Amino acid sequence: MSSRPSDRARIVTWNVNSVRARLDLVDRFLLEHRPDVLCLQEIKVQTDLFPRSWFEERGYRHQAVHGQRNHHGVATVSRLPLTEVSSRDWCEKGDARHVAARLPGGVMLHNFYVPAGGDEPDRDSNPRFAHKLDFLDEMIAWSRELSEPSIMVGDLNVAPLERDVWSHRQLLKVVSHTPPETERMEAMRAAHDWVDVMRHFVSADEPLYSWWSYRSKDWRKSNRGRRLDHVWVSPVLQGGLKAMQVFDDARSWERPSDHAPVIVDLDLPVG
DNA sequence: ATGGTTGGGGGCCAA
């Protein structure tokens, strides 16, 4: 473990698929990688049952939690101060799918969990898919209005590029890689000129995944992955990007999440 | 074409 300058931050996004079921894995991850900020999705716990003191004991005493019973839920826990914590009700569904907080230096950090969209990629017959497309449309409009330096992370449940899935052709009609979804991702990216941080470090020619289904016997051998998790930054932050890693070892830990943590090191503006 | 697995919450649904 090496020390980093004070303006260098390590930010991680990880869909943990239930934070309470995954505390041992989170513990191991925090010890091995020492993120400054950990953005979790699918915490699957209501806000007042989030394990706040557990994270405080490990140094993550700044917390922005937006949870609900059963499903969804996001939480950002940090060793750096978080101010102006807020969340927005996307699509007026009352779902806990977003939480925002301001980092030292003034950058806003947005943590998202976009609807998965169900199985059938048809908005007329599948209300879950319609909800997903509407949610992405709201994010496009939001990105267009965004003026301040921002970091957006989370499980966006879309693999936008051809090499973000194990087979572009075979997944064109599979929810997460259909044209209505991937076109919206590109429209969203263009609306703020977002920098796709993972692809800043790994060429679009190279396969790059962050999720592997539970339903494959040997996920690493078959490697039928998808890049559903993302880190995007405002153009002004691009020069500060230092490193990125999909920590897929965590996918092989005991009782894993089906998503791997995405680790990004970057220099934040000095406040 | 199908089934494969997981977590939450209570006896299936969402992913």
Side-chain angles (χ1 to χ4, degrees), chain A residues 13-29 39-51 54 65-75 90-91 93-98 111-123 125-136 153-160 164-167 169-178 180-182 184-185 209-230 246 248-262:
Chain A
T13 181
W14 193 9
N15 177 326
V16 282
N17 186 16
S18 170
V19 68
R20 291 176 295 183
R22 231 59 80 185
L23 280 182
D24 288 348
L25 276 69
V26 173
D27 200 23
R28 181 173 172 185
F29 180 80
C39 300
L40 301 170
Q41 301 88 34
E42 277 205 274
I43 60 174
K44 290 186 171 178
V45 64
Q46 62 197 60
T47 302
D48 60 356
L49 294 179
F50 183 81
W54 189 94
V65 183
H66 188 200
Q68 65 181 88
R69 256 174 79 86
N70 296 1
H71 300 304
H72 322 318
V74 291
W90 300 75
C91 297
K93 297 275 278 189
D95 287 348
R97 295 185 178 276
H98 166 250
N111 178 1
F112 279 95
Y113 176 55
V114 170
D119 290 330
E120 188 63 36
D122 177 72
R123 75 171 305 147
S125 65
N126 176 7
R128 297 183 190 287
F129 192 67
H131 179 214
K132 183 179 196 174
L133 298 184
D134 291 347
F135 197 106
L136 293 170
V153 308
D155 177 4
L156 305 188
N157 265 315
V158 182
D164 291 339
V165 293
W166 62 274
S167 168
R169 283 176 55 200
Q170 289 184 251
L171 278 120
L172 271 171
K173 292 180 178 172
V174 174
V175 172
S176 73
H177 194 62
T178 67
E181 296 167 273
T182 59
R184 279 168 172 82
M185 285 287 279
Y209 313 138
S210 64
W211 173 91
W212 294 262
S213 171
Y214 284 126
R215 299 173 192 178
S216 64
K217 288 192 186 351
D218 187 340
W219 72 275
R220 213 189 267 283
K221 187 180 173 196
S222 60
N223 198 22
R224 294 187 168 187
R226 305 179 202 170
R227 186 168 72 107
L228 304 180
D229 303 277
H230 298 271
V246 179
D248 57 11
D249 283 5
R251 183 64 181 77
S252 288
W253 290 351
E254 195 178 346
R255 287 187 72 213
S257 168
D258 45 356
H259 294 254
V262 180

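Side-chain atoms are counted along with the backbone in the values below, which use heavy atoms only and exclude waters and symmetry mates. In this text the structure is predicted, and so the values were computed from the model without any measurement.
Rounded to an integer number of Å, the gap from CH2 of Trp211(A) to P of dA15(B) is 12 Å. For the pair Gln68(A) CD and dG7(B) C1', the interatomic distance rounds to 14 Å; values are reported in whole Å. For the pair His71(A) NE2 and dG9(B) P, the interatomic distance rounds to 9 Å; values are reported in whole Å. Distance Asn15(A) CG to dG8(B) C1': 14 Å, rounded to the nearest Å. Whole-Å rounding puts the His259(A) NE2 to dA15(B) C1' distance at 8 Å. Between the P atom of dG8(B) and the CD1 atom of Ile43(A) lies a distance of 12 Å, rounded to the nearest Å. Rounded to an integer number of Å, the gap from CD of Gln46(A) to P of dG7(B) is 20 Å. Taking atom CD of Gln170(A) as the reference point, atom C1' of dT2(B) lies 14 Å away to the nearest angstrom.
Contact check on Asp24(A) versus Arg255(A) returns no salt bridge, with no Lys/Arg side-chain nitrogen under 4.0 Å from an Asp/Glu carboxylate oxygen. Contact check on Arg97(A) versus Asp95(A) returns a salt bridge, with a Lys/Arg side-chain nitrogen under 4.0 Å from an Asp/Glu carboxylate oxygen.
With dG9(B), dT5(B), dA15(B) as the choices, the nucleotide that has an atom nearest any side-chain atom of Arg20(A) turns out to be dG9(B). If you check dG8(B), dA15(B), dT6(B) against the side chain of Ser18(A), the one that comes closest is dG8(B). Comparing atom distances between the Arg69(A) side chain and each of dA15(B), dG10(B), dT5(B) picks out dG10(B) as nearest. Of all nucleotides listed (dG7(B), dA15(B), dG9(B)), dG7(B) comes nearest to the side chain of Ala21(A).
Residues Asn70(A) and Lys44(A) have side chains that never bring a donor and an acceptor to within less than 3.5 angstrom of each other.
Side-chain atoms of Gln41(A) do not come within 3.5 Å of backbone N or O of Tyr113(A) as any donor-acceptor pair.
Across all strands shown, Arg224(A) has no heavy atoms under 4.0 Å from either base or sugar-phosphate atoms.
Each of Lys44(A) and Asp119(A) lies near DNA chain B, and the nucleotide nearest Lys44(A) is the one positioned closer to the 5' end. Between Val19(A) and Lys217(A), the residue anchored closer to the 5' end of DNA chain B is Lys217(A), taking for each the nucleotide with the nearest heavy atom.
For the C1' atoms, the distance linking dG4(B) with dA14(B) amounts to 16 Å, nearest Å. Nucleotides dG7(B) and dG11(B) have their C1' atoms positioned 15 Å apart, rounded to a whole Å. Separation of the C1' atoms belonging to dA15(B) and dG9(B) is 15 Å when rounded to the nearest angstrom. Going from the P atom of dG10(B) to that of dT6(B) covers 22 Å, rounded to whole Å.
Heavy-atom contacts from other residues, nucleotides or ligands closer than 6.0 Å to CG of Asp119(A) number 12 or fewer.
With respect to Val158(A), the side-chain contact (heavy atoms from CB on, under 4.5 Å) criterion is satisfied by exactly one of Met185(A), His177(A), Arg184(A): Met185(A).
At least one side-chain nitrogen or oxygen of Arg22(A) sits closer than 4.0 Å to the OP1 or OP2 atom of dG7(B). Side-chain N/O atoms of Asn70(A) include one lying less than 4.0 angstrom from OP1 or OP2 on dG9(B). Not one side-chain nitrogen or oxygen of Ser216(A) sits closer than 4.0 Å to the OP1 or OP2 atom of dG4(B). Side-chain nitrogen and oxygen atoms of Arg255(A) include at least one within less than 4.0 Å of the OP1 or OP2 phosphate oxygen of dG7(B).
Between the side chain of Arg128(A) and the base of dA15(B), no donor-acceptor pair of N or O atoms lies under 3.5 Å.
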